[in-house]
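Written below as structure tokens is the structure these notes are about.
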Amino acid sequence: MVQPVSYDPGNLPYARTMVPPPPGYFQPPAGPYGAPTAPGVPMNAGPQAPVSAFPQITPFEKMFQQHRVESDGLWMYNSSNHGKRHFFSMEALFGRYRRPGSMRLGNDGSISYLGLVEDELIDATDEEFYDQFSENEGFNYFDQTTYDVIPNLNAPGARLRWGWTNDDESGFEIVGWWLTQADTSWSAIEDSTHQPNPANQAIMDILLSPPNYIDPSGTGVVSSIPGVTTAEINTVLQNELMNLRGLPLDDGSVNGVTVPYDLDFNIKVVSQAWGTNATWMSTPFVDKKALKIRGLAGARYMHVREAFSFVGRDSGLLYSDATNIAGIRPDLKLFSLPSGTDENQDGIVDNAGVVEDDSTGSSTGTSTAFFVAPLDPVTGLPVTPTTTYVNNVVRTNLAGPEIGFQFDLGGEKFKLWGQTKFGLMANQEKIQLKGDNVGMIIRADPNDVDRPKALIDPTATDPNPNAFTDTQSHTHVSPLFEQSIFAEMALFDKVPVLKRMKLLEEAKLKVGYTYIVAGDIARPYESILWQGMPTRGLFPSIDLKRETWSVGTWSVGLDWNY
């Protein structure tokens, strides 16, 4: 309030010297305090009308004030005139997806391969040899495996964040992130004590290609290859056929089966995820000097793609020691103990078809093995090398609302902040399963009551009679939780070279960790019904199983405020 200077035009010397003011010079009365006076000598005649700055622009037009009552009953206020402030950050991500876990690959409850061939193995060797496998878990004999052999699912990626804060410290942000595909696999060959020899590959290519060079007559005689003796072929097979792993299946029998694979056994896992979310941030409901906590509300979309692949290759051969053999023993692939040493010093570690003896340093039989491809008595066709594969892909789309809170701890130079969010997502998922040749490969007789033929012979009109496909789509609700914590540091102004860079003038170093977990997600590893007996109409199919999915990401990047 400004009180104008007053004067009395009837008193000297003003009456003689002052020029009367022009019409309309005086301001109208401000209230019941008398007539206004012209500028002049202060007379202290009481309060006068204020000077009006209108229509001039007020210097306080952009000043924001926020008033509140603290817990002690005192009024407090914040003021600001900087207006809306924007932020932008870009980060490199280093993520790790959740692994499949320790679930068994194949059908739970199926008999092991060792149990399947117990009688045949004892007949071919002795009970003591069988006991060395059954009593020592370290000795693999086409054992079943679990998914925990899969290495860690690591994947790099990127994240962008943009938004703004208002004068009252409310705001809005949009975040988008993307992780590359984690593609990892495990091969039983890597863990095998019996490794293939590249020098034998040319002969193996011939042996495993049509026409079949293994005599199916039951004599164990190997057909000739030009320039290669029968003894050399026998040695190659002893070295190249491996004691890998087995795939347990439900074949409709009481105990099921475990299919042995002696050429390849490979598991592959694929995971990928990306997403975006928009979040409104409220005015802090806790606002201390160095701590602010505010509410969050928004919406999220996230895509998760997971896939599982199994590939197994088997020679289709049955084999045993040539001295001790007495006809074809069903399902038996005889191997030395997988000790990793060459006990009989024949240049082959843990021979196929020959038993190396730990105690005597020699074989229990001869150095010659008996290899035979079982023959179908109806069609006259022998079992040939066969590749089994199973692929299962799950694509999951999550979308829905989320709420939570954000905390900020610190100041401009160093700040810790993080977000906690809970969401309820609509989950739309699609599962696609396909494969071929899932069944007991080494069985050939369709009339055998105990061990019937499992795979259908291909024909010219149907080259893939054992192939299968299955597809399902579902929609349901999945819960989601995200926890993140970040540290922002103003460091670049202290680094000699970087502080001169215009780009980094207002930038801060940002590091952090984010963990996202979603429930009731279909997993491709668990959603398979492992049954295999194509000749009886049994094929693998989708058996939906849902579990928790998660990904954790470390991040480092730059953050700008402008």
Side-chain angles (χ1 to χ4, degrees), residues 95-109 145-155 177-186 247-250 267-277 300-311 389-402 422-435 438 468-482 515-532 539-553:
R96 174 172 292 181
Y97 299 104
R98 179 172 179 171
R99 296 167 60 194
S102 58
M103 182 180 176
R104 186 188 307 277
L105 169 61
N107 181 61
D108 282 332
T145 188
T146 56
Y147 289 111
D148 53 11
V149 297
I150 296 295
N152 289 327
L153 297 167
N154 299 324
W177 59 272
W178 171 79
L179 288 174
T180 61
Q181 178 175 293
D183 189 342
T184 185
S185 62
W186 174 82
L247 177 64
L249 296 174
D250 175 9
I267 306 171
K268 183 178 180 180
V269 170
V270 172
S271 290
Q272 187 176 21
W274 55 271
T276 183
N277 57 280
R300 174 187 298 267
Y301 170 78
M302 189 168 71
H303 178 82
V304 178
R305 176 180 176 269
E306 291 189 297
F308 158 78
S309 173
F310 165 74
V311 175
Y389 81 89
V390 177
N391 293 336
N392 198 22
V393 179
V394 177
R395 292 179 173 87
T396 301
N397 295 285
L398 300 168
E402 57 185 6
F422 302 89
L424 199 60
M425 304 287 114
N427 183 335
Q428 193 280 326
E429 59 197 13
K430 184 175 183 180
I431 310 171
Q432 295 176 301
L433 173 69
K434 64 179 180 178
V438 178
F468 59 90
T469 59
D470 193 8
T471 301
Q472 291 185 14
S473 295
H474 304 275
T475 301
H476 63 286
V477 175
S478 291
L480 183 140
F481 170 77
E482 180 186 75
Y515 180 71
I516 301 175
V517 56
D520 289 333
I521 303 297
R523 308 301 299 275
Y525 333 102
E526 302 182 10
S527 299
I528 302 176
L529 181 61
W530 288 99
Q531 55 185 13
F539 296 89
S541 61
I542 295 174
D543 182 20
L544 185 61
K545 298 286 179 60
R546 295 191 177 102
E547 217 187 56
T548 300
W549 173 91
S550 64
V551 62
T553 56

Worksheet item: Is any side-chain heavy atom of Thr553 less than 4.5 Å from a side-chain heavy atom of Trp177?
Response: no

Worksheet item: Which word best sums up how the rings of Tyr147 and Tyr525 line up, parallel for under 30°, tilted for 30 to 60°, or perpendicular for over 60°?
Response: tilted

Item to complete: For the pair Arg98 (side chain) and Gly552 (backbone), establish whether a donor and an acceptor sit closer than 3.5 Å, ignoring hydrogens and angles.
Response: no

Practice prompt. Return the set of residues passing side-chain contact (heavy atoms from CB on, under 4.5 Å) with Arg99 (not counting sequence neighbours), or none when no residue passes.
Written response: Asp148, Asn152

Worksheet entry | Whether Asn392 side chain and Pro524 backbone form a donor-acceptor pair below 3.5 Å | yes

Worksheet item: Trp549 versus Glu306: any side-chain heavy-atom pair under 4.5 Å?
Response: yes

Practice prompt. Mark yes or no for whether Gln531, through its side chain, and Phe539, through its backbone, hold a donor-acceptor pair below 3.5 Å.
Written response: yes

Worksheet item: Counting distance only, does the side-chain N/O of Asp470 pair as donor-acceptor with the main-chain N or O of Ser541 below 3.5 Å?
Response: no

Worksheet item: Do the side chains of Leu433 and Phe468 get nearer than 4.5 Å, heavy atoms only?
Response: yes

Discussion item. Tell me whether the rings of Phe310 and Trp530 are parallel (<30°), tilted (30 to 60°) or perpendicular (>60°).
Written reply: perpendicular

Worksheet item: Can you check whether Met103's main-chain N or O pairs, donor with acceptor, with Thr146's side chain at less than 3.5 Å?
Response: no

Worksheet item: Between Val304, Asn397, Leu398, which is the residue that forms a side-chain contact (heavy atoms from CB on, under 4.5 Å) with Asn427?
Response: Leu398

Discussion item. Check whether His476 reaches the backbone of Asp520 with its side chain - one donor and one acceptor, N or O, closer than 3.5 Å.
Written reply: yes

Item to complete: For the residue pair Val394 and Ser527, establish whether any side-chain heavy-atom pair is separated by less than 4.5 Å.
Response: no

Discussion item. My understanding is that only residues two or more places apart in sequence, or in another chain, count here; which of them pass side-chain contact (heavy atoms from CB on, under 4.5 Å) with Lys268?
Written reply: Asp183, Ser185, Asn266, Val270, Ser309

Discussion item. So Arg523 and Lys545, do their side chains get closer than 4.5 Å, heavy atoms only?
Written reply: no

Practice prompt. Look at the side chain of Thr471 and the backbone N and O of Gln432, then say whether any donor-acceptor pair between them is shorter than 3.5 Å.
Written response: no

